Engineer: 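Let me give you the structure first, and then I'll get to my questions.
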Amino acid sequence: QVQLVESGGGLVQAGGSLRLSCAASGRSFSSYAMGWFRQAPGKQREFVAAISRSAGKTYYADSVKGRFTISRDNAKNTVYLQMNSLKPEDTAVYYCAADDRPRQYGSTWYLRGYEYTYWGQGTQVTVSS
């Protein structure tokens with residue numbers, strides 16, 4: 001089992017940057033693929049980004065591609081989401097998620113929130129116009 005704690009959220013003006021962190025404790029962090037999701041008020045949770053166990057592969061939602069960067073430091077048991085050029089529509093609670101189950105090569109499982117076993121409590125990101 002792994003516990004996830006997000007941090008780094010806050011209030012920022014449009015065009016600004018924030019860096020979210022997700023610290024993991026418990027079983028070996030490097031065994032987990034990690035994802036970031038977000039949920040805005042009145043909207044469904046949506047995929048933001050994901051990273052493979054070794055950080056060899058990263059995936060992004062089209063809405064954040066080129067602005068957000070996901071990375072991980074397995075020595076520090078932490079995954080990051082660097083968010084640049086923030087827009088008001090990025091306002092949401094951001095969650096990190098983890099899963100260690102083996103996956104079929106080429107599968108897009110990482111897009112689906114229900115595929116992740118472990119979730120953090122979320123951190124609020126508010127972008128003012």
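Values below: all heavy atoms of this structure, side chains included; hydrogens, waters and symmetry mates excluded. Because the structure is predicted, anything quoted here is derived from the model rather than measured.
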Engineer: Side chain to side chain contact (heavy atoms under 4.5 Å, CB included), that's the test. Do Gln121 and Val5 meet it? Break it down for me.
Structural biologist: CA-CA 7 Å; Gln121 83 289 349; Val5 179; 4.2 Å; yes
Engineer: Taking atom types as modelled, find out whether Asp73 and Thr78 have a side-chain donor-acceptor pair closer than 3.5 angstrom.
Structural biologist: no
Engineer: Does one hydrophobic cluster hold both Leu4 and Ile70, with members joined at side-chain heavy-atom distances below 4.5 Å?
Structural biologist: yes
Engineer: State, yes or no, whether a side-chain contact exists between Met83 and Tyr94 at a heavy-atom distance under 4.5 Å.
Structural biologist: yes
Engineer: Going by ring-ring contact (aromatic ring centres under 6.0 Å, His included), Phe47 matches just one of Phe68, Phe37, Tyr95. Which one?
Structural biologist: Phe37
Engineer: In Å, rounded to the nearest 0.5 Å, how long is the span from CH2 of Trp119 to SG of Cys22?
Structural biologist: 10.5 Å
Engineer: Could you give me the CA-CA distance, side-chain angles and deciding distance for Ser107 and Arg112, then say whether side chain to side chain contact (heavy atoms under 4.5 Å, CB included) is met?
Structural biologist: CA-CA 11 Å; Ser107 168; Arg112 299 181 287 272; 4.2 Å; yes
Engineer: Flag the pair Arg53 and Asp100 as a salt bridge only when some basic side-chain nitrogen lies within less than 4.0 angstrom of an acidic carboxylate oxygen.
Structural biologist: no
Engineer: I need the minimum non-hydrogen distance between Tyr114 and Arg101, along with the two atoms involved.
Structural biologist: O-NH2, 4.5 Å
Engineer: Hydrophobic clusters here meaning ILVMFWY residues chained together by side-chain heavy-atom distances under 4.5 Å, can you tell me if Val127 and Leu18 are in one?
Structural biologist: yes
Engineer: Less than 4.5 Å apart, side chain to side chain, heavy atoms only: is that true for Leu111 and Trp109?
Structural biologist: no
Engineer: Are Lys87 and Asp90 within salt-bridge range, i.e. N to O under 4.0 Å?
Structural biologist: no
Engineer: Less than 3.5 Å apart, any donor N or O on the side chain of Ser128 or Gln13 sitting next to an acceptor on the other?
Structural biologist: no
Engineer: Donor-acceptor pair, Asn74 side chain versus Ser30 backbone, under 3.5 Å?
Structural biologist: no
Engineer: Nearest 0.5 Å, please: how far is OG in Ser17 from CG in Leu86?
Structural biologist: 6.0 Å
Engineer: State, yes or no, whether a side-chain contact exists between Gln39 and Glu46 at a heavy-atom distance under 4.5 Å.
Structural biologist: no
Engineer: Do the non-hydrogen side-chain atoms of Arg38 and Val64 ever get within less than 4.5 Å of each other?
Structural biologist: yes
Engineer: Answer yes or no: is there a side-chain heavy-atom contact under 4.5 Å between Arg19 and Tyr80?
Structural biologist: yes
Engineer: Is there a path of hydrophobic side-chain contacts, each under 4.5 Å between heavy atoms of I, L, V, M, F, W or Y residues, that connects Tyr116 with Tyr59?
Structural biologist: yes
Engineer: What are the two closest non-hydrogen atoms of Tyr60 and Thr69, and how far apart are they?
Structural biologist: OH-CA, 3.4 Å
Engineer: With rounding to the nearest 0.5 angstrom, report the CD to OG distance, Glu89 to Ser129.
Structural biologist: 10.0 Å
Engineer: Do Val93 and Thr123 come within less than 4.5 Å of each other through their side chains, counting heavy atoms only?
Structural biologist: no
Engineer: I want to check a possible cation-pi pair here: Arg72 against Phe29, using under 6.0 Å from ring centre and within 45° of the ring axis as the test.
Structural biologist: yes
Engineer: Does the Thr91 side chain pair with the main chain of Thr126, one donor and one acceptor, at a distance under 3.5 Å?
Structural biologist: no
Engineer: Report yes if some heavy atom in the side chain of Val79 is under 4.5 Å from a heavy atom in the side chain of Trp36; otherwise report no.
Structural biologist: yes
Engineer: Given the rule in the side chain to side chain contact (heavy atoms under 4.5 Å, CB included) test, do Glu6 and Ser21 qualify, once you have shown the distances and angles that lead to the verdict?
Structural biologist: CA-CA 6 Å; Glu6 302 96 334; Ser21 299; over 6 Å; no
Engineer: Could you check if a side-chain atom of Ser71 sits within less than 4.5 angstrom of a side-chain atom of Met34, using non-hydrogen atoms only?
Structural biologist: no
